[in-house]
Amino acid sequence: MRRSGILNADLAHAIASMGHGDTLMVVDAGFPVPAHAWRIDLAVARDVPDLRTVLRLIADELIVERIQYAEDVPTHNAPLAEWLAATWPG
């Protein structure tokens with residue numbers, strides 16, 4: 001049994017299974033996900049866990065080659081855009 005890091009078995013497996021060029025999307029509850037996509041629901045309650053917590057844990061476990069986010073994030077959520085830039089510089 002794991003004692004730290006990502007404890008959710010499905011998410012830990014997904015991260016361990018990733019290779020170059022694979023995509024991992026972290027989205028909110030309203031994002032349209034195709035029925036055939038492998039999805040892992042981490043929600044316990046509204047905003048739990050929060051986006052930054054999930055992304056911080058993923059950043060600790062995964063070598064991220066590239067990040068991408070909605071083009072309106074810098075305008076509508078500047079603190080998140082700044083946090084993303086600080087977490088994944090360049």
When rounded to the nearest 0.5 angstrom, what distance separates [atom1] in [X] from [atom2] in [Y]?
X     : Y     : atom1 : atom2 : value
Leu11 : Leu42 : CG    : CG    : 5.5 Å
Arg52 : Leu57 : CZ    : CG    : 14.0 Å
Leu84 : Gln68 : CG    : CD    : 12.0 Å
Glu61 : Ile15 : CD    : CD1   : 6.0 Å

Show the nearest heavy-atom pair for residues [X] and [Y], with the distance to one decimal.
X     : Y     : value
Leu7  : Arg3  : CD2-C, 4.1 Å
Asp10 : Asn8  : N-OD1, 3.1 Å
Val54 : Val26 : CG1-CG1, 4.0 Å
Ile40 : Ala14 : CD1-CB, 3.9 Å
Arg39 : Val33 : NH2-O, 3.5 Å

[X] versus [Y]: any side-chain heavy-atom pair under 4.5 Å?
X     : Y     : answer
Leu55 : Trp88 : yes
Thr23 : Met25 : yes
Pro49 : Arg56 : no

* To do: Could you go through the side chain to side chain donor-acceptor pair (under 3.5 Å) check for Thr75 and Asp72 one step at a time?
  => CA-CA 5 Å; Thr75 303; Asp72 63 348; over 6 Å; no
If hydrophobic clusters are built from ILVMFWY residues whose side chains come within less than 4.5 Å, do [X] and [Y] share one?
X     : Y     : result
Val64 : Ile6  : yes
Trp38 : Leu62 : yes
Leu24 : Val27 : no

